[in-house]
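A quick write-up on the structure given underneath.
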2 protein chains.
Amino acid sequence: MDNRSVKPISRGELARVTGCNLETIRYYETVGIMPNPPRTAKGYRSYDDSLVRRLKFVMRSRDLGFSLEEIRGLLGLVDDRTQTCAQVQTVAEAHLDDVQAKIADLMRIERVLSETVARCTGDGAPKCAVIDALLEA
Amino acid sequence: MDNRSVKPISRGELARVTGCNLETIRYYETVGIMPNPPRTAKGYRSYDDSLVRRLKFVMRSRDLGFSLEEIRGLLGLVDDRTQTCAQVQTVAEAHLDDVQAKIADLMRIERVLSETVARCTGDGAPKCAVIDALLEA
DNA sequence: CTAAGGTCTGTAGCTGATACAGGCTCAAGA
DNA sequence: TCTTGAGCCTGTATCAGCTACAGACCTTAG
């Protein structure tokens with residue numbers, strides 16, 4: 001299987017094949033995540049295979065919760081042929097720490113919330129354990 | 001201990017006693033989370049004890065990850081003396097579901113990320129398991 | 001009296017998109 | 001060939017949830 005004849009595609013097609021929102025592609029262009037693509041004679045954006053792969057990379061990074069800033073960093077390491085595994089590891093580990101901290105936060109919230117909800121009688125009374133918990137100093 | 005003589009406080013003091021950012025207080029006013037407070041003769045905002053308690057309620061709800069929309073709902077139930085425990089329970093349980101879904105998402109991300117980072121050699125080589133994982137289709 | 005700090009207003013900026021208006025352009029059918 | 005509907009172009013507005021800043025007042029301690 002050769003890739004020789006892969007034709008450039010339009011923005012709409014790029015959106016379709018990557019699952020990215022049409023407008024978001026333009027947004028990524030303005031914030032420098034995606035480069036200004038070549039244009040057709042009439043000014044239509046034209047994406048070749050390397051740009052398709054780049055956006056797929058972005059989408060997968062986004063799925064893993066990397067911020068645009070972090071994605072920019074990862075893309076820089078991909079683009080820069082002198083990148084090292086250690087540099088990538090640093091970014092990924094920092095993000096992993098973030099994710100773990102968020103999980104811990106949410107689990108604390110979950111515990112408080114479920115304990116409080118459990119004290120609800122759930123009836124038609126105007127007295128509620130949740131409200132009391134939120135009101136008490 | 002009586003509360004009779006609790007004096008109204010300024011916006012700066014309210015920020016201090018609630019831990020809320022000074023500007024955020026004004027923001028909450030514009031979006032209807034906090035009411036327009038009474039003013040001094042010279043136009044300074046003046047918060048009495050009931051408004052202090054209201055903002056503390058908001059801050060605690062925020063700590064538990066309720067959105068402003070949800071907080072508005074909770075405040076409505078607090079303000080409306082015909083509120084029922086069942087109504088509050090509904091809001092709180094919906095939020096609990098949200099929180100649990102977010103935890104599940106983040107745990108999936110955490111798993112993928114830590115598995116991938118574990119495959120990093122962390123050396124000076126330009127080949128990296130994390131980048132490969134993000135690049136592969 | 002003066003200087004430092006608090007407060008007032010309106011507005012801009014942030015992240016990460018998403019949406020919409022108004023105008024071209026392209027492709028397919030009659 | 002004409003037409004019509006879809007796709008693409010641009011710039012700009014909107015969303016949540018704040019945060020920050022400028023420039024003008026006001027208050028208070030020394």
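Letters go in sequence order (proteins before strands), and every chain restarts at 1.
- Going from atom CZ of B:Arg11 over to atom C1' of D:dA20 covers 12 Å, rounded to whole Å.
- Checking the phosphate oxygens (OP1, OP2) of C:dT7, a side-chain nitrogen or oxygen of B:Ser10 falls inside 4.0 Å.
- The distance between atom CG of A:Asn21 and atom P of D:dC8, rounded to the nearest whole Å, is 13 Å.
- Between B:Glu69 atom CD and D:dA16 atom C1' the separation is 11 Å, expressed in whole Å.
- OP1 or OP2 of D:dT19 sits under 4.0 Å from a side-chain N or O of B:Thr24.
- When atom types are taken as modelled, the side chain of B:His95 and the backbone of B:Leu64 share a donor-acceptor pair closer than 3.5 angstrom.
- To the nearest 0.5 angstrom, A:Ile71 atom CD1 is 10.0 Å from A:Glu69 atom CD.
- In this structure, A:Arg26 and B:Thr40 both approach DNA chain D, and ranking their closest nucleotides by distance from the 5' end singles out A:Arg26.
- Toward the 5′ end of DNA chain C lies the nearest nucleotide of B:Ser46, the other residue of the pair B:Ser46 and A:Tyr27 mapping further downstream.
- Of the listed nucleotides (C:dC8, D:dC18, C:dA19), C:dC8 has the atom at the smallest distance from the side chain of B:Arg39.
- Straight-line distance from the NZ atom of A:Lys42 to the P atom of D:dC9: 14 Å, rounded to whole Å.
- Taking 4.0 angstrom as the limit, B:Tyr44 places none of its side-chain polar atoms (N or O) nearer than this to OP1 or OP2 of D:dC25.
- In this structure, the CD1 atom of A:Ile25 is 9 Å from the P atom of D:dC8, given to the nearest Å.
- With respect to the salt-bridge test (charged N to carboxylate O, under 4.0 angstrom), the residues A:Glu29 and A:Arg26 do not qualify.
- Salt bridge annotation for B:Lys102-B:Asp98: absent, with no cationic side-chain nitrogen under 4.0 angstrom from a carboxylate oxygen.
- Here C:dG16 presents its P atom at 18 Å from CD of A:Glu29, a figure rounded to the nearest Å.
- Rounded to a whole Å, the CG atom of B:Leu68 is 11 Å from the P atom of D:dT19.
- Using a 4.0 Å cut-off, no side-chain N or O of A:Arg62 falls inside it from OP1 or OP2 of C:dG16.
- Here the C1' atom of nucleotide C:dG10 and the CG atom of B:Leu22 are 15 Å apart, to the nearest Å.
- The base of D:dC8 has none of its N or O atoms less than 3.5 Å from a complementary donor or acceptor on the side chain of A:Glu13.
- Using a 4.0 Å heavy-atom distance criterion, A:Arg45 is classed as a sugar-phosphate-only contact.
- A salt bridge is defined here as a Lys NZ or Arg NE, NH1 or NH2 lying under 4.0 Å from an Asp or Glu carboxylate O, and B:Glu23 with B:Arg11 meets this definition.
- For A:Glu23 against C:dC20, a side-chain-to-base donor-acceptor contact under 3.5 Å is present.
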